[in-house]
Amino acid sequence: MVVNLLRRHSTDVETARRQMVEEHLIRRGITDPRVLLAMSKVPRHCFVEPALQGQAYGDHPLPIGMKQTISQPYMVGLMTQLLELRGRERVLEIGAGSGYQTAVLAELAERVYAVERVKSLATKARQTIESLGYHNVMMRIFDGTYGWREEAPFDAILCAAAAPEIPSRLVEQLAEPGVMVLPIGDDQSQTLVRVLRREGKTEVEEHTTCVFVKLIGEYAWKE
Ligand code: SAH
């Protein structure tokens with residue numbers, strides 16, 4: 001009986017996850033097969049409260065406590081795709097929140113250095129990541145606007161909170177070639193930006209409008 005219930009639960013979440021990948025990622029233009037595979041593997045429902053698990057595969061953010069949200073699947077897919085990870089990269093993630101994006105990155109890169117400023121979120125994210133068996137993640141409770149100097153340079157940086165401008169400290173911690181994706185703006189309007197560092201130059205591309213919580217710290221917004 002319990003086994004049957006468990007089996008039904010696992011096929012339900014697998015179906016929901018497959019639908020998420022088809023409807024919210026592929027249909028909206030996410031094409032990188034590695035990103036699609038990673039997001040079809042990571043159990044997103046494990047990163048939200050039990051009461052919200054039924055909504056975990058819808059294309060919307062969800063509350064994770066401390067006034068923060070787990071990002072919408074499409075935005076996770078888009079930001080991850082823009083990093084063009086091939087498997088050997090060292091990635092810095094700022095704003096780990098629930099740890100969902102961290103797990104997606106851990107599927108796609110060699111090592112993920114995740115930073116979260118809210119202790120309770122970081123502690124929970126770390127537990128979830130460990131319980132799912134990811135061994136290539138280091139998580140630190142810190143103000144990510146400083147980056148992670150001891151571990152720099154990074155091949156890729158993903159920041160999941162909106163900065164007022166491109167933080168120069170983070171650009172300095174990018175390898176060459178290196179790529180960074182982050183929202184720039186205030187709580188009214190933001191643009192998803194990709195920064196490419198290569199051949200001694202830094203190029204900036206603007207991608208789409210988006211809504212993230214603010215990046216709060218020494219080199220971004222004040223609390
Ligand atoms: N990608 C996460 C959601 C991120 S929400 C997920 O999928 O769950 C943005 C997160 O950035 C929040 O958890 C917030 O606490 C964190 N944050 C904001 N400013 C930060 C800073 N300066 N350093 C580290 N984390 C920060």
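Index from 1, following the sequence. When a ligand or atom number is given, it counts from 1 through the structure's own listing order. Computed from a prediction, not measured in an experiment: that's the story for all the values here.
Looking at Gln81, its side chain never comes within 3.5 Å of a backbone N or O of Ile30 through a donor-acceptor pair. With hydrogens and angles disregarded, no donor-acceptor distance shorter than 3.5 Å links the side chain of Gln190 to the backbone of Ala161. Of the possible polar contacts, one joining the Arg197 side chain to the Val171 backbone as a donor-acceptor pair under 3.5 Å is found. In this structure a side-chain-to-backbone donor-acceptor pair under 3.5 Å is missing from Gln101 to Ala96.
Set against the non-hydrogen atoms of Gly144, the atoms of ligand 1 under 4.0 Å away are 21 (C), 22 (N), 23 (N), 24 (C). Of all atoms in ligand 1, numbered sequentially from 1 with element shown, those under 4.0 Å from a heavy atom of Val118 are 15 (O). Each of the following atoms of ligand 1 lies closer than 4.0 Å to a heavy atom of Ser71: 1 (N), 3 (C), 6 (C), 7 (O). Counting atoms of ligand 1 from 1 in the listed order, those under 4.0 Å from a heavy atom of Leu215 are 19 (N), 20 (C), 21 (C), 22 (N). Each of the following atoms of ligand 1 lies closer than 4.0 Å to a heavy atom of Phe142: 23 (N), 24 (C). Proximity to Gln101 (heavy-atom distance under 4.0 Å) selects the following atoms of ligand 1: 1 (N), 7 (O). Residue-ligand proximity, Leu121 to ligand 1, at heavy-atom distances under 4.0 Å covers atoms 13 (O). Every atom of ligand 1 with a heavy atom of Thr69 under 4.0 Å away is listed here by number and element: 3 (C), 4 (C), 5 (S).
The option from Gly65, Gly97, Gly95 that lies nearest to atom 1 (N) of ligand 1, judged by heavy atoms, is Gly95. For atom 15 (O) of ligand 1, the choice among Lys214, Glu116, Arg117 with the nearest heavy atom turns out to be Glu116. Evaluated by nearest non-hydrogen atom to atom 9 (C) of ligand 1, the leading choice among Ala114, Gly217, Ala163, Ala160 is Ala160.
Using a 4.0 Å heavy-atom cutoff, Ala96 is listed among the residues neighbouring ligand 1. Judged by the shortest distance from any of its heavy atoms, Phe212 lies outside the 4.0 Å radius around the atoms of ligand 1. Residue-ligand proximity: Glu218 is placed with every non-hydrogen atom at 4.0 Å or more from ligand 1.
Looking only at protein heavy atoms, the nearest one to atom 8 (O) of ligand 1 is Ser98 OG, 2.6 Å. Regarding atom 12 (C) of ligand 1, its nearest protein heavy-atom neighbour is Gln68 OE1, 3.3 Å.
For Met66, the CE atom sits in a loose shell: 12 or fewer heavy atoms of surrounding residues, nucleotides or ligands are nearer than 6.0 Å. In the displayed structure, Glu150 atom CD is contacted under 6.0 Å by more than 12 heavy atoms of other residues, nucleotides or ligands.
An N or O contact shorter than 3.5 Å links Asp143 to ligand 1 by distance. Annotation: Ile216 places an N or O atom under 3.5 Å from an N or O atom of ligand 1; distance criterion only. At a 3.5 angstrom cut-off on N or O pairs, Ile70 does not count as close to ligand 1.
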**OP:** Take Glu107 and Arg34 through the test salt bridge (charged side-chain N to carboxylate O under 4.0 Å, His left out) and record every step on the way to the result.
**Re:** CA-CA 9 Å; Glu107 290 278 348; Arg34 296 189 74 239; over 6 Å; no
**OP:** Show your working on side-chain hydrogen bond (donor to acceptor under 3.5 Å, both in side chains) between Arg169 and Tyr219 and close with a plain yes or no.
**Re:** CA-CA 8 Å; Arg169 268 190 172 61; Tyr219 300 105; 3.2 Å; yes
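Between Tyr57 and His45, the angle of the ring planes lies from 30° to 60°, which puts this pair in the tilted group.
Take Ser71 and apply the side-chain contact (heavy atoms from CB on, under 4.5 Å) test, not counting sequence neighbours, and it matches Val76, Phe212.
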Donor-acceptor pairs under 3.5 angstrom involving side-chain atoms of residues 86-94: please list them, not counting sequence neighbours.
unit_1: Arg88; atom_1: NE; unit_2: Glu110; atom_2: OE1; d: 2.8
unit_1: Arg88; atom_1: NH2; unit_2: Glu110; atom_2: OE1; d: 3.4
unit_1: Glu89; atom_1: OE1; unit_2: Arg86; atom_2: N; d: 3.1
unit_1: Glu89; atom_1: OE1; unit_2: Gly87; atom_2: N; d: 2.8
unit_1: Glu89; atom_1: OE2; unit_2: Arg86; atom_2: N; d: 2.7
unit_1: Arg90; atom_1: NH1; unit_2: Glu151; atom_2: O; d: 2.9
unit_1: Arg90; atom_1: NH1; unit_2: Pro153; atom_2: O; d: 2.9
unit_1: Arg90; atom_1: NH2; unit_2: Tyr113; atom_2: OH; d: 3.2
unit_1: Arg90; atom_1: NH2; unit_2: Glu151; atom_2: O; d: 3.0
unit_1: Arg90; atom_1: NH2; unit_2: Glu151; atom_2: OE1; d: 3.1
unit_1: Glu93; atom_1: OE1; unit_2: Thr102; atom_2: OG1; d: 2.6

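A salt bridge does not link Lys124 with Glu116: none of the charged nitrogens is closer than 4.0 Å to a carboxylate oxygen.
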